4 protein chains.
Amino acid sequence: MTQGVEKSLIEQGVLVDPDSARGRLLTQAARLFRQKGYQSTTVRDLASAVGILSGSLFHHYKNKDAILKAVMVEGIHHTMARMRSELAEEHTTQGRLRALIACELDALNGDWGDAMAVVINEWRFLSDGGQQDILALREEYEQMWLEILLQARKERLITASPKVLRKLLYGAITWTDKWFDSTGELSYQELTDAILQLAIKPASDP
Amino acid sequence: MTQGVEKSLIEQGVLVDPDSARGRLLTQAARLFRQKGYQSTTVRDLASAVGILSGSLFHHYKNKDAILKAVMVEGIHHTMARMRSELAEEHTTQGRLRALIACELDALNGDWGDAMAVVINEWRFLSDGGQQDILALREEYEQMWLEILLQARKERLITASPKVLRKLLYGAITWTDKWFDSTGELSYQELTDAILQLAIKPASDP
Amino acid sequence: MTQGVEKSLIEQGVLVDPDSARGRLLTQAARLFRQKGYQSTTVRDLASAVGILSGSLFHHYKNKDAILKAVMVEGIHHTMARMRSELAEEHTTQGRLRALIACELDALNGDWGDAMAVVINEWRFLSDGGQQDILALREEYEQMWLEILLQARKERLITASPKVLRKLLYGAITWTDKWFDSTGELSYQELTDAILQLAIKPASDP
Amino acid sequence: MTQGVEKSLIEQGVLVDPDSARGRLLTQAARLFRQKGYQSTTVRDLASAVGILSGSLFHHYKNKDAILKAVMVEGIHHTMARMRSELAEEHTTQGRLRALIACELDALNGDWGDAMAVVINEWRFLSDGGQQDILALREEYEQMWLEILLQARKERLITASPKVLRKLLYGAITWTDKWFDSTGELSYQELTDAILQLAIKPASDP
DNA sequence: GATGAATGAGTTTTCATTCAT
DNA sequence: AATGAATGAAAACTCATTCAT
């Protein structure tokens, strides 16, 4: 179903077919922007990563900023799509909260991890206009978090203010990008649980 | 006492007298690097912020990278100095943990907040050599955290692995730089408590 | 008759049928070259003005220079054709001189005004080869002026050297392109008379 | 006296000392802009004409547009200065009108001829902001013409509307730049007289 | 210590033109 | 005839750094 939505978004021109020239460009751009940072990635780097000359980039995107923006849009869309489908399968609030955390962790490690890392780390290099355009998407994404945290508070799963908790969790989760190695000692499951434990009070011992 | 240590470090040439020309330069550099980012701050920006021409910067520091490094060294030293003195006044583990959190939050908001924010956000733009040189300092700093978290675990204040918990708290705390407004609804004290609550289990109700 | 000549020139391939694809291209090119200048008009501008993509232009013309040249050839041919037919109706030298002025003014305001303005203002951007090819046409055109000015001098209508006077009139007339607004206070007739008065001495009052 | 005014303007930063680095740059820029046109003159051309590298240009002027503007400002100021001093020596209206014509012709041939030719021919390539800034200067210049033409009409030296006549003369005079060769058959004096004859009615033969 | 002119390698971007489909 | 992706050379501009004064 998610696939279907994505396909439809591609047809609408919102998303880009990953096998097209533009798609390959965005994949490489996401990788390079994450690795070296937006400002340190030259358009020559981008072009040579997809095997064309730098001038040809501008056939696909108006300028470097438009490429950054496109990477971010892709990242957010795919992350949200995944999140929606994972949430649909969870029916307890704690399960849904855990799914949110797992998804956000995954967003940084999965196929679109590069793009999502770029959303987080290179945000300030996006032009004002670009930020404006994407902000609505980001807010929609945050809304999914807030709703579930609000529900969790009603159920006394959490005690902190949902807004504040979300911000703290966001920092904790996105920072994992800088240190977590999924092939290391700590498993992906354990990390998810550790973060979940930050948020929720343990079931009170009777 | 802290004052005394800092004075001694200035005399040793590790730190810089904030009233000297170099000191004013570092203060402005920290501010600009935080505000615009290292790469987007030109040496002309730096120079004009202290009222000289760009060529004259290089009488004070060998190159732009050296300025970044100096800003970071200042930031870490001052943060550590403060942390040491605050810890000295706390005698319970929970108190010491709270002091660590408060200090780290404060590090981003206080006098040396700009410099510390630069340490966090512009780290990857520091040359390899510069990173090497500062790493020891950062590790010393992290050691203070780990010792207290280790103690907290012994006392069953926390359940998570100290290393992992530190990383998660680090992410949560440093991210506050991007959203916390000390003049807003949420007070500085409340934020400190909220973060402390992430870390520790509440005292079990008898 | 003029129509017949033009039709014949189209059949010979000298001129272009204005309803053909090439014709529409030249019309738009003339408009854009006049409006934005040759160098500031991109082939993309040209292509999109006629609803094709830039690559397709080169099926019609070898290169951008060839388009400029074609615009100029059209402009000069149509202007000359009109001038010949107007002169044929005037039988006094003063009438013929006035017709020349009116025609040249009209050349900049009528249907082929864009093309003629391009001849005047973008001349230096035409390649050497292109200039060479068109120069004969321009000289033929100038010859029509010189003959009539020569006659006017014989009749003591004018006192100045025909060559010099022609140059001065040319400057005065072509410059009107930059300031004359045919919908403004000054009528087209009045302008024509004002220019005629530059050239000729008033009939001496007896 | 004119010298004194110019010196004072240099001190005010309005004009540029022709022996300074900036001054040499403007002289060369005026020459190249006239010769090849603004758009066809690259910053490399400009730089190599003054013996520096292209990047160094931007130490003196913010961008290419600023160089164009500076050339024009110089051109207009010097032309006006000369015109004022020449007018001061003429006391009949016809003499003053002749002086205006001579000055304008001279403006295109004398020391600042390149700059003035640039004002005329490259005007449309100046940015909107630049045009705005210079327009006041140009209007002041035109005012000098209009006043004298108005006086000439009162004295029945001319019959045409001053505004229209000025425009026609402007076209005729500036176009001389494209054909007049001061070393050719036609002398500079004769050309001035020929243009004056365009404007004024000959003294009526008794 | 400061100046300011210059460097030079680098950046993003533009654009006429080509060509396989 | 048209497309559209790509080319490649050249454009304007940036900026850390150097250095004679």
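Just so you know, these numbers use all the heavy atoms, side chains as well, and skip hydrogens, waters and symmetry mates. Every value quoted in this text rests on a predicted model; they were computed, and no experiment measured them. Chain letters run A, B, ... following the sequence lines, proteins first, then strands; residues in each count from 1.
C/R22 has its CZ atom 11 Å from the P atom of F/dA2, to the nearest Å. Taking atom CD1 of residue C/I67 and atom P of nucleotide E/dC15, one finds them 15 Å apart after rounding to whole Å. We find that CG of B/L46 is positioned 15 Å from P of E/dA2, with the value rounded to whole Å. The distance from atom OH of D/Y61 to atom P of F/dT14 is 17 Å, rounded to the nearest whole Å.
Panel note: side chain C/T27, backbone C/G23; a donor-acceptor pair is recorded below 3.5 Å.
With sequence neighbours excluded, the residues satisfying side-chain hydrogen bond (donor to acceptor under 3.5 Å, both in side chains) with A/K69 are A/D133. When the side-chain hydrogen bond (donor to acceptor under 3.5 Å, both in side chains) test is applied to C/R44, no partner is found at least two apart in sequence or on another chain. With sequence neighbours left out, the side-chain hydrogen bond (donor to acceptor under 3.5 Å, both in side chains) criterion links C/R34 to C/D114, C/D177.
Looking at residues 118-126 of chain B, you'll see that no heavy atom sits under 4.0 Å from any atom of DNA chain E.
The gap from the C1' atom of E/dG1 to that of F/dT21 amounts to 13 Å, rounded to the nearest Å.
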For this session: Could you check B/K36 against B/D45 for salt bridge (Lys or Arg N to Asp or Glu O under 4.0 Å), going step by step and ending with a plain yes or no?
Result: CA-CA 10 Å; B/K36 313 171 55 153; B/D45 291 336; 3.1 Å; yes

For this session: Tell me, with the steps shown, if D/E122 and D/L68 meet side chain to side chain contact (heavy atoms under 4.5 Å, CB included).
Result: CA-CA 9 Å; D/E122 311 297 327; D/L68 178 58; 4.3 Å; yes

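Nearer to the 5' terminus of DNA chain E, by closest-nucleotide assignment, is the contact made by B/H60 (compared with the other of D/I52 and B/H60). Of the residues near DNA chain F, A/R24 and C/L57, the one whose nearest nucleotide (by heavy atom distance) lies more toward the 5' end is C/L57.
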Using nucleotides 15-19 of chain F, report all nitrogen or oxygen pairs with the protein that are shorter than 3.5 Å.
residue : atom : partner : partner atom : Å
F/dA16  : OP1  : B/K64   : NZ           : 3.2
F/dA16  : OP2  : B/V43   : N            : 2.7
F/dT17  : OP2  : B/K64   : N            : 2.8

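Within the 4.5 Å cutoff, the side chain of D/R138 has heavy atoms near those of the D/V119 side chain. Side-chain contact between C/V43 and C/F58 is present, with at least one heavy-atom pair separated by less than 4.5 Å. Put simply, the side chain of A/D65 does not reach to within 4.5 Å of the side chain of A/F125, judged on heavy atoms. Looking only at side-chain heavy atoms (C-beta outward), A/N121 and A/Y38 stay at 4.5 Å or farther from each other.
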Exercise. What pattern of brackets, bars and dots sums up DNA chain F from 5' to 3', given Watson-Crick or G-U wobble pairs under 3.5 Å, [ ] for crossing pairs and | for another strand?
Worked result: .||||||||||||||||||||

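You'll find that the side chain of A/L53 is closest to F/dT7, out of F/dT3, E/dG4, F/dT7.
Considering every non-hydrogen atom in both B/L53 and B/A47, the closest pair reads C-CB, 3.6 Å.
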